[in-house]
Q: 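Got a structure for you, questions after.
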Amino acid sequence: MNTSQIEKNVIALVENFNKEEFVFDLLKAYGISKTSITRLKKGDFNLSKVEGEILYKSKMLFKEVESGTLLTVIDDLTKEPEALKHNPRFVIVTDYKTLVAKDIRTGAALDIPILEIHKHFSFFLPWAGQEKYSQKNENYADRKASYKMAKLYDILVTENPNIYDDGGHNLNIFLSRLLFCFFAEDTDIFPIEGMFTDTLAQHTKEDGSDVNTFLDRLFKVLNTKDNSKEASHFREFPYVNGGLFRDTIVSPQFTREARKIILECGDLDWSEINPDIFGSMIQAVVNPAYRSGLGMHYTSVPNIMKVIEPLFLNELYDEFEKHKENPKKLRQLIYRISKLKIFDPACGSGNFLIIAYKELRKLEIKIWRQINDLEPQYSFVFTEVKLSQFYGIELDDFAHEMAILSLWLAEHQMNKIFVDELFDFGRAKPILPLKEAGHITQGNATRLNWEDTCPKNDGDEIYILGNPPYAGQKKQDKIQKEDLKLLFKGKTNYKTLDYVSCWFYKGSNYLEGNIKMGLVSTNSICQGNQVGLLWPSVLKTGNVEIFFAVPNFKWTNNAKGNAGVTCSIIGLQRTIKNFQKLIYTDRNVIKASNINAYLTDGIDIIVQKRMTALSALPKMVSGNMALDDGHLMLTEKEKNDIVNQYPDSEVYIRETTGANEFIKGLKRYCLWIEDDELEDALEIPFIKNRVESCKKFRENGGEVARTLVDRAHQFRYRHQPVNSQIIIPLTSSERRDYIPMGFLGEKVVIQQSAQVLYDPEPFVFGVITSRMHMVWIDAVGGKLETRYSYSVGICYNTFPFPEITQKQKEQITLHVFEVLEEREKYSDKTMAQLYDPDKMPKGLKEAHHQLDLAIERCYRLKPFESDTERLEYLFKEYEKMINKDTLLEKTKKKRKKKA
DNA sequence: AATCCGACAGTTG
DNA sequence: CAACTGTCGGATT
């Protein structure tokens, strides 16, 4: 049952409030089945022996009380050991005016008028299997354990200088085994609680010198079926298997301090460890260098659900709802689930696999409970979901060990829940010896054959998911560049692709009818330049389609600085005719007939970057790039000071404007020296210093910078207009209806953070400031996260604009001047203020509107009614013009050949 | 010779 | 510290 349905149910409960039925209606609202509620009413499900109390295993303890006693009663009830044995998630008391409730697991409390319960319905969502994840409080155990382990790790590394000689593999396995032992002794995997830590404490010397031999011995014991000949303190340890203790490793040397820390680790309560995120925490603490590399990041559970739900979970739940009354179909659904394969080709420490595993087991529990309601089970039932259905590839060896381990922990925890929830017929087989493990391969997923890890047999239902690493072209290391080359060899311009593209391309080749993929990515592969480079290879001229998308959401991590990234989730499948595609936004779900590579509902179109303008428009170029580390730049104060001190310097100083200065109305200046002026200019000490600093910076800079050492008094590129110029900011806020652009005098040096039209006809300003152009930029342009990121090649050169008459140009020019005049009326205001969508002056808005209409009349006489309509029209025009253009190119080439 | 990008980066309130 | 919004150098074409 989904959240909105539950909310509706609770609202209905309030509207038809019935005192006698209240608590049963409430449970029903969260999807507890009718039969369970009947049995609860009859009494055989009610575990309480106290009159007037209802105790429903793992769900709740409910009591009706007299007014004024609510808080004291709930205090007593939450401490009632008899009741707590049955793990009620909530304790609820009410006098049917006020309702007080407590969440036993999180400690959260609720105290509300009972008729307002619908406003707080989310409080009881754990009944429907929906946990609220508040990272700060709930990860306490994980964080504590992680920090302790980091301490142990640090000391072991210091005391064992040769520990990395094998690349660290030995150490990784060692740590993984220790974690298993800590967890096993605190849960009932090991027969005696605390036996690992206790035995270690009793049978090793305090100076730590024999801890390693003790552990070597113990690991051997854990890998041996028959331990009857072992020393008595080892004999109680069980046979673990599962490959965890199979290979012989050499435990590192311990010191007194290291022994102390390992014992402290053991004393922590490891039973509360949450395998969802524990792996990545341990990983990050153990190796901080990896925090932002190689696809290993803190990933939060809600974000993982954003992938899992649309990819397969929603569909499985739909099936469940559809066949709720048909036990045979429900058994078939369990069979289907037992055959699924889940494959994360960049699995890190296994977060996605673990969440997917847990979700499938939760669903299985719900199905079994429903089957039992329809046909009571008289024999015991075991889970059908196996760890061997889970596949992963991970480059980092430690992460890959953690993934395997975390899956075992998740299995153990879910077994417990399975037995708890299905207490009258659900059973779990003993976890030891470990039988199944996830198929996690250590290696480079961009180079490995995925079928070697996750073989696909005929008809296999496989879901590929995950969050592969992102790296823009400048962040890629040598190996990653080589990875891209190996995959995209023969394709053009692949070097500018983000590293994450490898997974999309490789995954698209792996897809079959029953194989689907949902990956998280940086949103930039669906914007601007990269769209044209990647998506034709992935979509394979219509054989593959995007069947769901979650565009543009922030994925923050807990690393220092809290640097985030804007992501999109993209679901791919082999094209299925008339498939209902879904776009998930913050607010709603859009039913789309098609999702294009820009992740919008619309026709499949990919706009390729162009070097020349498609329409009859003048050449636009980048602004002047300094590449000076700021040494050729001056603030207003610096400029005034130097001009006061050296009046001669004024001729070498120009006003300079980038996007920031233009939009926010800031003043900035730069040194602008012609070669033949250099000698005189260097007479001024201030200028000499600046030029020398710039030279030094360029000498130490990259390849490009070093070519500019000999002309350190100048910008890397220098362009100047004769009479006037239009500035078009490169990056600007997406909140604005129009990117602020404007005319500047011929002396102003426009920075590289803006583009320029030098000496333009004024009507061009009208074209690029129009609504039509803004719609185009928004749809096909690059972005910085979600900001507009204007570019000549993608936004301007591709823009379809019809050929117009001189008269039309004059018309447009009049409207251009009106816009400029309106701006003049508010000359005290900055562009940022004028173009703030909430504060834009009415006159300016109207002038823009009239300009928009004039531009739109160039396309057609009938006015456009919406941006969607504008865009559709533009796409059609674009296709027409591109076809014409390519035809023209072809004939040109032919003629050349003939000649 | 000219970009187009950023598991971002700097400012504000 | 969350919300807001645009720099600057360079690998690539």
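We name chains A, B, ... by the order of the sequence lines, and we start the count at 1 in each one. Both backbone and side-chain heavy atoms feed into the values below; hydrogens, waters and symmetry mates do not.
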Q: So, the side chain of A/Glu785 versus the backbone of A/Arg787: is there a donor-acceptor pair under 3.5 Å, distance only?
A: no
Q: Among A/Glu661, A/Glu638, A/Glu655, whose salt bridge (charged side-chain N to carboxylate O under 4.0 Å, His left out) with A/Lys667 holds?
A: A/Glu655
Q: Is it true that the side chains of A/Glu734 and A/Thr786 contain a donor and an acceptor less than 3.5 Å apart?
A: yes
Q: More 5' along DNA chain B: A/Arg610 or A/Arg787, using each one's nearest nucleotide?
A: A/Arg610
Q: So for A/Arg716 and C/dG10, does any side-chain atom that can act as donor or acceptor lie under 3.5 Å from a complementary atom in the base?
A: yes
Q: Which heavy atom of A/Ser568 sits nearest a heavy atom of A/Asn523, and at what distance?
A: OG-CB, 3.4 Å
Q: So what does A/Val500 touch, heavy atoms closer than 4.0 Å: a base, only the sugar-phosphate, or nothing?
A: nothing
Q: Is the distance between the ring centroids of A/Phe488 and A/Tyr505 less than 6.0 Å?
A: yes
Q: Tell me whether the side-chain N/O atoms of A/Ser733 come closer than 4.0 Å to OP1 or OP2 in C/dT5.
A: yes
Q: For A/Arg735 and C/dC4, is the shortest distance between a side-chain N/O and OP1 or OP2 below 4.0 Å?
A: no
Q: Taking all atoms of both residues into account, what is the closest heavy-atom pair of A/Thr600 and A/Ile583, and its distance?
A: C-CD1, 4.0 Å
Q: Taking for each residue the nucleotide of DNA chain C bearing the nearest heavy atom, is the 5' side occupied by A/Gln473 or by A/Glu734?
A: A/Glu734
Q: Does the cation-pi check pass for A/Arg771 over A/Trp776, that is, NZ or CZ under 6.0 Å from the six-membered ring centre and within 45° of its axis?
A: no
Q: Side chain of A/Asn467: nearest nucleotide among B/dA7, B/dA2, C/dT5?
A: B/dA7
Q: Which heavy-atom pair separates A/Leu708 from A/Leu627 by the least distance, and what is that distance?
A: CD1-CD1, 4.1 Å
Q: Just how far, in rounded Å, is P of B/dA7 from CZ of A/Phe553?
A: 16 Å
Q: Is the shortest side-chain N/O distance from A/Lys495 to OP1 or OP2 of C/dA11 below 4.0 Å?
A: no
Q: Give the minimum heavy-atom separation between A/Met633 and A/Arg690, together with the two atoms involved.
A: O-NH1, 2.6 Å
Q: To the side chain of A/Val704, which of C/dG6, B/dC5, C/dA11 is closest?
A: C/dA11
Q: For A/Ser732 and for A/Gly701, find the nucleotide of DNA chain C with the closest heavy atom, then tell me which residue's nucleotide is more 5'.
A: A/Ser732
Q: CZ of A/Arg668 versus P of C/dC8: gap in Å, rounded?
A: 5 Å
Q: Among the candidates B/dA2, C/dG6, C/dT12, find the nucleotide nearest to the side-chain atoms of A/Lys481.
A: C/dT12
Q: Mind calculating the distance between NZ (A/Lys491) and P (C/dT13) to the nearest angstrom?
A: 15 Å
Q: Rounding to a whole Å, what distance do you find between A/Lys619:NZ and B/dA2:P?
A: 7 Å
Q: What's the shortest heavy-atom distance between A/Ile727 and A/Pro729, and which atoms?
A: O-CD, 3.8 Å
Q: Among C/dT13, C/dG6, C/dG10, find the nucleotide with the atom closest to the side chain of A/Asn493.
A: C/dT13
Q: Which nucleotide in the list B/dA2, C/dT13, B/dC4 gets nearest to the side chain of A/Ser791?
A: B/dC4
Q: Can you tell me how far P in B/dA7 sits from the matching atom in B/dT3, rounded to whole Å?
A: 22 Å
Q: If I take atom CZ in residue A/Arg698 and atom C1' in nucleotide C/dC8, what distance separates them, rounded to the nearest angstrom?
A: 13 Å
Q: Classify the nucleic acid contact of A/Met625 as base, sugar-phosphate or nothing, counting any heavy atom under 4.0 Å across all strands shown.
A: base
Q: Is A/Glu785 side chain donor-acceptor paired with the B/dC8 base, going by distance under 3.5 Å alone?
A: yes
Q: With the side chain of A/His719 defined as its heavy atoms from C-beta on, choose the nearest nucleotide among C/dA11, C/dG6, B/dA2.
A: B/dA2
Q: What is the distance from CG of A/Asp836 to P of C/dA3, rounded to the nearest Å?
A: 17 Å
Q: Which atoms form the tightest heavy-atom contact between A/Ala597 and A/Ile546, and what is the distance?
A: CA-CD1, 4.2 Å
Q: If you assign A/Met620 and A/Asn523 each to the DNA chain B nucleotide with the nearest heavy atom, which residue ends up on the more 5' nucleotide?
A: A/Met620
Q: Hunt down any stem DNA chain C takes part in, defined as 3 or more consecutive Watson-Crick or G-U pairs whose two distances are each under 3.5 Å.
A: B:1-6 with C:8-13, B:8-13 with C:1-6
Q: Give a yes/no answer on whether the side chain of A/Lys609 brings an N or O atom under 4.0 Å of OP1 or OP2 in B/dT3.
A: no
Q: Atom CD of A/Gln530 to atom P of C/dT12: distance rounded to whole Å?
A: 13 Å
Q: Looking at A/Phe553, does the NZ or CZ of A/Lys306 lie under 6.0 angstrom from its six-membered ring centre and within 45 degrees of the ring axis?
A: yes
Q: Please tell me if A/Ser524 has a side-chain N or O lying less than 4.0 Å from either OP1 or OP2 of B/dG6.
A: yes
Q: List in numerical order all residues of residues 746-753 of chain A for which some heavy atom is under 4.0 Å away from an atom belonging to DNA chain B.
A: none
Q: For A/Tyr499 and B/dC5, what is the distance between atoms OH and P respectively, to the nearest whole Å?
A: 21 Å
Q: Answer with base, sugar-phosphate or nothing: what part of the nucleic acid does A/Leu627 contact at a heavy-atom distance below 4.0 Å?
A: sugar-phosphate
Q: Within the structure, does a side-chain N or O atom of A/Arg736 lie under 4.0 Å from either OP1 or OP2 of C/dG6?
A: yes
